[in-house]
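Proteins get letters first, then strands, A, B, ... in listed order; numbering begins at 1 in each. For clarity, every value in this text was computed on a predicted model and none was experimentally measured.
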Number of protein chains: 2
Amino acid sequence: MTSQYKASRFMALPERPTPAYRLSGMCLPAPLSVGELETFSAISRQISPLRKRQTLFAQGEALKSLYIVRCGSLKQVYRDITDEAHITQFYLPGEVVGLDAISTGFHPGTTQALETTSVCEILPEALEEFSRKEAAEKGGNGCFLRVMSRALHQERMMVRLLLNRTSDVRLASFLLALSTRFRQQGYSPFCFRLSMSRSDIGNYLGLAVETVSRLLGRFQDLGLLTAKGREIRVDDLDGLMALADGRARQSIWHAGIVPPSSCRLAGMPAH
Amino acid sequence: MTSQYKASRFMALPERPTPAYRLSGMCLPAPLSVGELETFSAISRQISPLRKRQTLFAQGEALKSLYIVRCGSLKQVYRDITDEAHITQFYLPGEVVGLDAISTGFHPGTTQALETTSVCEILPEALEEFSRKEAAEKGGNGCFLRVMSRALHQERMMVRLLLNRTSDVRLASFLLALSTRFRQQGYSPFCFRLSMSRSDIGNYLGLAVETVSRLLGRFQDLGLLTAKGREIRVDDLDGLMALADGRARQSIWHAGIVPPSSCRLAGMPAH
DNA sequence: CGCGCCGTTGAAAGTATTCAACAAGAGTGG
DNA sequence: CCACTCTTGTTGAATACTTTCAACGGCGCG
């Protein structure tokens, strides 16, 4: 492990690429950076908020616009020929929705609000105009391409995360990704509310609902977090990260139930 | 099955999007269409062939160019902090290599030839020039964006394929994808040679080597194919598809060993 | 208030991995 | 060209992990 590079936690830095990847926290797409968000905001317009369960677009619908999530969250569901539904992505604030429809011009999956959600619409005309200008100025490596490339990279990391990893690593990674996202949005990374059901999480991570439930219970026993319905409080972030990175000593089922370290609640609001 | 896109069996058609997805065969990226290939050939130049095991670029290297595979095959390996290697993609002829490096400007994984392989280089200057022209003509939905979007979509399908599916479905899908690719390249879809080891396949599909080996043996017992080392002969394409689509009657381990249907070798050269 | 969905828990079953041993092939050097 | 060695592939047995099935409590919504 060559050491010439310092590992940034979740993402290679442009100036100094991470030579090896940390999988934890790769469970969700990264939001746009502040600069990108500004860029896109300039060419987007807000549309009326979606209510819970309302769809932004349905599978098979023609691509009209791309969207950026402002607040709230959505899930994207691909339905296959056996009529099974697969949740392929959760979209949180700052994320671009609809990129996977560009190739065919039709949305490959239904996208649906998990709670009251507001999104901005990027009209195709505005995007074209923007691309034209951008291309003229900077050549092919536009902002938009970078966003797509990042999505591709992250989807690849997701595959690897889900593929060889055990259920506990997957769930820990997912929770960490959420925690990171909440921090980025200025919310507490320790206390948050899941907008998706256990069943959605299980579907997304390729686990049975029962497994998700059991794991949450087990995480709680281990003092990693406190879960009450959809409210999550992270009690031991380091422990959760160790688990997600595969650095955990052993299977969580064999681990004795350790009393939580005294410092774990430091600085946290009691919920 | 029109068409403009040959792989319509696995891909939504622009005129009539498939409302629901068939996962089988989604194990590999689709090659460029004939039109796209022409477009990119115009701005690319051939470089000297890579020998087996030679790398095109290493993880962490700066993105210099994109590449299109002409003949042969490569594997892309991401190495994570625990020093585990994950094969994220096999690149076959017609596929664009390096898209996932655009976001950071550095290659997230090492890409290495599995056999003697020749690739074309798309120089960044040429690509920029091309993008500029394309944007000026058609706006933002350029050829290049479509290629990226397709890659994203396929990576997503890959996740779903690998996530809930059993090992037999995964391997059958992978073999079918290969078969399809060989047909598209004008080779026999029934007889081909795997350029990757069992271990590579297992890594890519998230299975232990032993499992891959056992499954190939079992497929053979079931009369689906004949495997001799890395030479594969598909004996029952429909059966393999049924398996990949999850339409198979039951677990392959419980299925009795059926004598192969009489027509299964029709039109096939004895190898 | 009742119904349906969501979440939890236990027990049984299945599926894939790990470990171990061995066979076969490819590459290397004498 | 052959012997040697290391990698690749195969097979069996034991183990581990996750799912499935089943039952039940709770909550929200009509």
Mind calculating the distance between [atom1] ([X]) and [atom2] ([N]) to the nearest angstrom?
| X | N | atom1 | atom2 | value |
| --- | --- | --- | --- | --- |
| A:Glu210 | D:dG25 | CD | P | 17 Å |
| A:Arg218 | C:dG10 | CZ | C1' | 16 Å |
| A:Gln220 | C:dT9 | CD | P | 9 Å |
| B:Asn203 | C:dT17 | CG | C1' | 15 Å |
| A:Arg165 | D:dT18 | CZ | P | 13 Å |
| A:Asp168 | D:dT19 | CG | P | 12 Å |
| B:Leu216 | D:dT11 | CG | P | 10 Å |
| B:Leu171 | D:dG9 | CG | C1' | 14 Å |

Is the phosphate of [N], meaning OP1 or OP2, less than 4.0 Å from a side-chain N or O of [X]?
| X | N | answer |
| --- | --- | --- |
| B:Arg230 | C:dG25 | no |
| B:Ser197 | D:dT8 | no |
| B:Ser167 | C:dA16 | yes |

Nearest to the side chain of [X], heavy atoms from C-beta on, is which of [options]?
| X | options | result |
| --- | --- | --- |
| A:Arg214 | D:dA22, D:dT19, D:dC17 | D:dT19 |
| A:Arg198 | D:dG9, D:dC17, C:dT8 | C:dT8 |
| B:Ala208 | D:dT10, C:dT17, D:dT11 | C:dT17 |
| B:Leu207 | D:dG12, C:dA16, D:dC21 | C:dA16 |

Legend entry - A:His153 ring center within less than 6.0 Å of B:Tyr78 ring center: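 They qualify: ring centres under 6.0 Å apart.
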Inset, instruction - Measure the CD-CG distance between A:Gln59 and A:Asp80 for me, rounded to the nearest 0.5 Å. - result: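 So the CD of A:Gln59 and the CG of A:Asp80 are separated by 9.0 Å.
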Inset, instruction - Salt-bridge test for B:Asp200 and B:Arg230: reply yes if a basic N is under 4.0 Å from a carboxylate O, no otherwise. - result: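 Looking at B:Arg230 together with B:Asp200, the answer is no, because their closest N to O distance does not fall below 4.0 Å.
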Legend entry - Whether A:Arg218 side chain and A:Ile252 backbone form a donor-acceptor pair below 3.5 Å: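 Yes, A:Arg218 side chain to A:Ile252 backbone: donor-acceptor pair under 3.5 Å.
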Inset, instruction - Measure from the side-chain N and O atoms of A:Arg170 to the backbone N and O of A:Arg165, and report whether any donor-acceptor pair falls under 3.5 Å. - result: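 Confirmed, A:Arg170 side chain pairs with A:Arg165 backbone.
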Inset, instruction - Describe the nucleic acid contact of B:Gly202 in one word from base, sugar-phosphate, nothing, applying a heavy-atom distance below 4.0 Å. - result: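 No contact at all - B:Gly202 keeps every heavy atom at 4.0 Å or more from the nucleic acid.
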Legend entry - Given DNA chain C, 5'-ward residue of the pair A:Gly229 and B:Leu215, judged by closest heavy atom: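 Looking at DNA chain C, the more 5' nearest nucleotide goes with A:Gly229.
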